[in-house]
Amino acid sequence: MVENGFQSSFMQEAAARGFIFQCTDPAALDEAMVKGSVAAYIGFDPTADSLHVGSLIQIMMLRLLQKHGHRPVALVGGGTARIGDPSFREEARRLMTEDTIRTNLAGIEGCLRQFLTFSDDASGNVGSGAILVNNADWLDKLAYIDLLRDIGVHFSINRMLSFDSVKNRLDREQGLTFLEFNYSILQSYDFRELNRRHGVTLQLGGSDQWGNIVSGVDLVRRTDQASVMGLTTPLLTTSSGAKMGKTANGAVWLSENRLPVFDYWQFWRNTEDADVGRFLRLFTDLPLEECARLEALQGAEINEAKKILATEATALCHGRDAAQAAAEAARQTFEEGKVAAADLPVHSVPQAMLAEGVPVFRLFVEAGLVKTNGEARRLVRGGGARVNNAVVQDENTVISEKDMADGAIRLSSGKKHHVLVKVG
RNA sequence: GGAGGGAUGCCCGAGUGGCUAAAGGGGGCGGACUGUAAAUCCGCUGGCGUACGCCUACGUUGGUUCGAAUCCAACUCCCUCCA
């Protein structure tokens, strides 16, 4: 398929698609994958009830693993969430309550189920069914003295201090608490536990996890004389250097509850030209030849590639039907200039609100297009607010049932953000 | 334990008694241009109120003053050097 020196189908495709940044032992991993099924894990922190695009490259890697007959193991850090990963953070993360963590775990599982096929067989048998595990199952039971004697002896403070993730925090004015310092020890412990329980021999992660991953590899080798490996993905930024997945309202969420499918599709549709090929390879299942063909489109033609990227990426996350509906809504809205295309995000308001009439700036807040009244006023003053395609001149204009067109009122913030307000 | 330095809005960073909701930059949002791109240019960017306005904000708590982000005291946290 592609000449990159690897024998295993997974390594060939992962390398060709741009998933690989660093690997503790590429040759050994390649060999293991030729011999049989490998179980690999990635940890997700339950800091929110949905994953976002920042984690998508990891999820896609798990998906790729499954495609090639290996077993993806998703670890949610119910235990480590109570500590917080200090890696490359400016400040200590605030600690979360048990309740929050529990809700978040469920939400994250929902996101993962869109991308992976889970197996109910969580035994040590290596297959390709994904499994989901929670490290609270073992971390919560740890006894301090036992832990220190068991694995504490294998960690060198000198070494830990040399890791970029720690060094960074130490070099900056922000300190590092002992609590946070232990994160990487527990992550190593996770790796060993997964190796023992589920035969996991590979840990995946973003390049910022390199230090933590290597620590785990060392621990398993020292205590269990087992050989396990680590593989990291590149840190993703857009071609113009911005962090991947940040928008106006924060993160680009994978959960529909947090981000309408239409907006998810729009996120991908607005990819920078220079990123199209890279994103097609990482975030869709399209064959490499097709990615290359689309990437080569020049000028305005590359918009076709972006539409395909958007639909394919959205299909993976929200299903083919929803993706096509989003594509169609975008086509009607942007290419036909239709006001109330079906499948635009909908916001329902009480009948009474429209019966009485409501100032337009309030309606924008209510619909979630802006966060505050002041922001809504500024939007109007800047000429960026529209109702049913007409620019709003006065922020105090009253909107009522009279403004309904085809059973809805379309509010727009700028050219790209639209919400249909309906009664309900 | 000792000596010195620091804590400013989403982030970085100026500001050392009133002209400061606080320079400048980044980020974000909107507009123009374009291809729903990038680059560039323009505007906006604490909350509430239609508005003269009110409230909240420069680590925390008190104090001095007609008036404090700016002066004083105590406290908290961070950094650097010494032990």
Side-chain angles (χ1 to χ4, degrees), chain A residues 86 88-92 94 167-180 237-252 262-280 294-311 313-314 326-338 341 344-345 357-362 364-365 367-387 389 391-399 411-419:
Chain A
F88 304 99
R89 272 172 196 285
E90 306 273 317
E91 289 175 42
R94 67 176 207 292
K167 208 162 50 177
N168 235 290
R169 273 290 285 279
L170 255 27
D171 288 348
R172 300 188 71 91
E173 71 282 9
Q174 296 290 345
L176 184 67
T177 64
F178 185 65
L179 177 79
E180 295 173 281
T237 55
T238 68
S239 290
S240 36
K243 262 188 210 153
M244 180 84 190
K246 295 285 177 191
T247 64
N249 298 322
V252 178
F262 178 81
D263 292 324
Y264 189 77
W265 192 93
Q266 279 298 316
F267 167 75
W268 294 104
R269 173 64 183 84
N270 286 297
T271 296
E272 295 176 23
D273 287 9
D275 292 327
V276 170
R278 195 158 54 108
F279 287 2
L280 280 166
L294 292 168
E295 183 179 20
L297 293 175
Q298 293 300 309
E301 287 201 331
I302 204 162
N303 283 326
E304 291 311 310
K306 291 183 188 179
K307 288 178 202 167
I308 291 169
L309 167 64
T311 302
T314 305
E328 176 59 15
R331 194 188 64 76
Q332 291 181 9
T333 304
F334 290 97
E335 295 173 26
E336 287 180 12
K338 189 172 174 182
L344 283 177
V358 55
V360 69
F361 74 88
R362 277 192 198 288
F364 268 78
V365 176
L369 281 167
V370 292
K371 291 196 216 59
T372 63
N373 293 349
E375 202 178 323
R377 290 203 166 91
R378 275 180 243 129
L379 182 67
V380 172
R381 285 173 200 166
R386 282 172 295 150
V387 171
N389 250 0
V391 174
V392 179
Q393 302 297 337
D394 182 343
E395 61 210 58
N396 296 311
T397 304
V398 172
I399 302 297
L411 303 185
S412 311
S413 162
K415 298 210 162 74
K416 296 178 189 173
H417 303 108
H418 309 285
V419 169

Separation of rU34(B) P from Lys306(A) NZ (nearest whole Å) | 16 Å
Thr311(A): what forms a side-chain hydrogen bond (donor to acceptor under 3.5 Å, both in side chains) with it, not counting sequence neighbours?
-> Trp265(A)
Spacing of the P atoms in rG62(B) and rA14(B) (rounded, Å) | 29 Å
Sorted by chain and residue number, the side-chain hydrogen bond (donor to acceptor under 3.5 Å, both in side chains) partners of Glu395(A) (sequence neighbours excluded) come out as Arg377(A), Arg381(A)
Side-chain contact test, heavy atoms from C-beta onward, threshold under 4.5 Å: evaluate it for Val391(A) versus Gln393(A) and give yes or no.
-> yes
Residues passing the side-chain hydrogen bond (donor to acceptor under 3.5 Å, both in side chains) test with Gln298(A), sequence neighbours excluded, are none
Taking atom C1' in both rC79(B) and rG27(B), what distance in whole Å separates the two?
-> 27 Å
Whole Å only: how far is the CG atom of Leu297(A) from the C1' atom of rG35(B)?
-> 13 Å
Glu301(A): what forms a side-chain hydrogen bond (donor to acceptor under 3.5 Å, both in side chains) with it, not counting sequence neighbours?
-> none
Whole-angstrom distance between rG18(B) and rC71(B), as gauged at atom C1' = 14 Å
Of Glu395(A) and Ala385(A), whose closest RNA chain B nucleotide lies nearer the 5' terminus?
-> Ala385(A)
In terms of ring plane angle, is the pair Tyr264(A) and Trp268(A) parallel, tilted or perpendicular, where the classes change at 30° and 60°?
-> perpendicular
For Asn303(A) and for Gly414(A), locate the closest nucleotide of RNA chain B by heavy-atom distance; then report the residue assigned to the nucleotide nearer the 5' terminus.
-> Gly414(A)
Rounded to the Å, how far apart are Asp273(A) CG and rU36(B) P?
-> 12 Å
Could you state the atom-to-atom distance from CZ of Arg386(A) to C1' of rG30(B) in whole Å?
-> 11 Å
Say you pick atom C1' in rC29(B) and the same atom in rA74(B); how far apart are they, in whole Å?
-> 43 Å
Separation of rG30(B) atom P from Lys416(A) atom NZ, nearest Å, is 8 Å
Whole-Å distance separating the CG atom of Leu411(A) from the C1' atom of rG30(B) = 16 Å
Name all residues meeting the side chain to side chain contact (heavy atoms under 4.5 Å, CB included) criterion together with Ser412(A); count only those two or more places apart in sequence or in a different chain, and write none if there are none.
-> Arg386(A), Arg410(A), His418(A)
For Asn396(A), answer base if it contacts any base atom (sugar-phosphate contacts may also be present), sugar-phosphate if it contacts only those atoms, and nothing otherwise; contact means non-hydrogen atoms under 4.0 Å.
-> sugar-phosphate
Under a 4.0 Å heavy-atom cutoff, the residues of residues 327-335 of chain A touching RNA chain B are Ala330(A), Phe334(A)
Separation of the P atoms in rG46(B) and rG9(B), to the nearest angstrom = 13 Å
On a whole-Å scale, what distance lies between the C1' atoms belonging to rG49(B) and rU56(B)?
-> 15 Å
Roughly how many Å is it from CG in Leu280(A) to C1' in rA37(B), rounded to a whole number?
-> 14 Å
Can you name the nearest heavy-atom pair linking Phe364(A) to Ala385(A), along with the distance?
-> CZ-CB, 3.8 Å
P spacing across the pair rU8(B) / rA69(B), given as an integer number of angstrom | 16 Å
rA83(B) to rC10(B) separation - P atoms, rounded to the nearest Å = 42 Å
Set of residues satisfying side chain to side chain contact (heavy atoms under 4.5 Å, CB included) with respect to Leu294(A), sequence neighbours excluded | Leu280(A), Leu286(A), Glu290(A), Leu297(A), Ala305(A), Ile308(A)
Salt bridge (Lys or Arg N to Asp or Glu O under 4.0 Å) filter on Arg269(A), not counting sequence neighbours, yields none
Touch class at under 4.0 angstrom, heavy-atom based, for Gln266(A) against every strand present | base
Please state whether the phosphate of rU36(B), meaning OP1 or OP2, lies under 4.0 angstrom from any side-chain nitrogen or oxygen of His418(A).
-> no
Only one of Asn270(A), Asp275(A), Asp273(A) passes side-chain hydrogen bond (donor to acceptor under 3.5 Å, both in side chains) with Lys306(A), and that residue is Asp273(A)
For Asp263(A), what residues pass the salt bridge (Lys or Arg N to Asp or Glu O under 4.0 Å) criterion, not counting sequence neighbours?
-> none
Which parts of nucleotides 42-49 of chain B does protein reach within less than 4.0 Å, heavy atoms only, written one letter per nucleotide 5' to 3' as B for base, S for sugar-phosphate only and - for none?
-> --SS-SSS
Once Watson-Crick and G-U wobble pairs under 3.5 Å are found, how is RNA chain B written in dot-bracket notation, 5' to 3', with | for any base paired to another strand?
-> ((((((((.[[[..)..(.....]]]((((((.......))))))(((....)))...[[[[[..)....]]]]]))))))).
Measure from NZ on Lys415(A) to C1' on rA37(B) and round the result to the nearest Å.
-> 14 Å
How would you list, by chain and number, every residue that makes a side chain to side chain contact (heavy atoms under 4.5 Å, CB included) with Lys338(A), sequence neighbours excluded?
-> Gln332(A), Glu336(A)
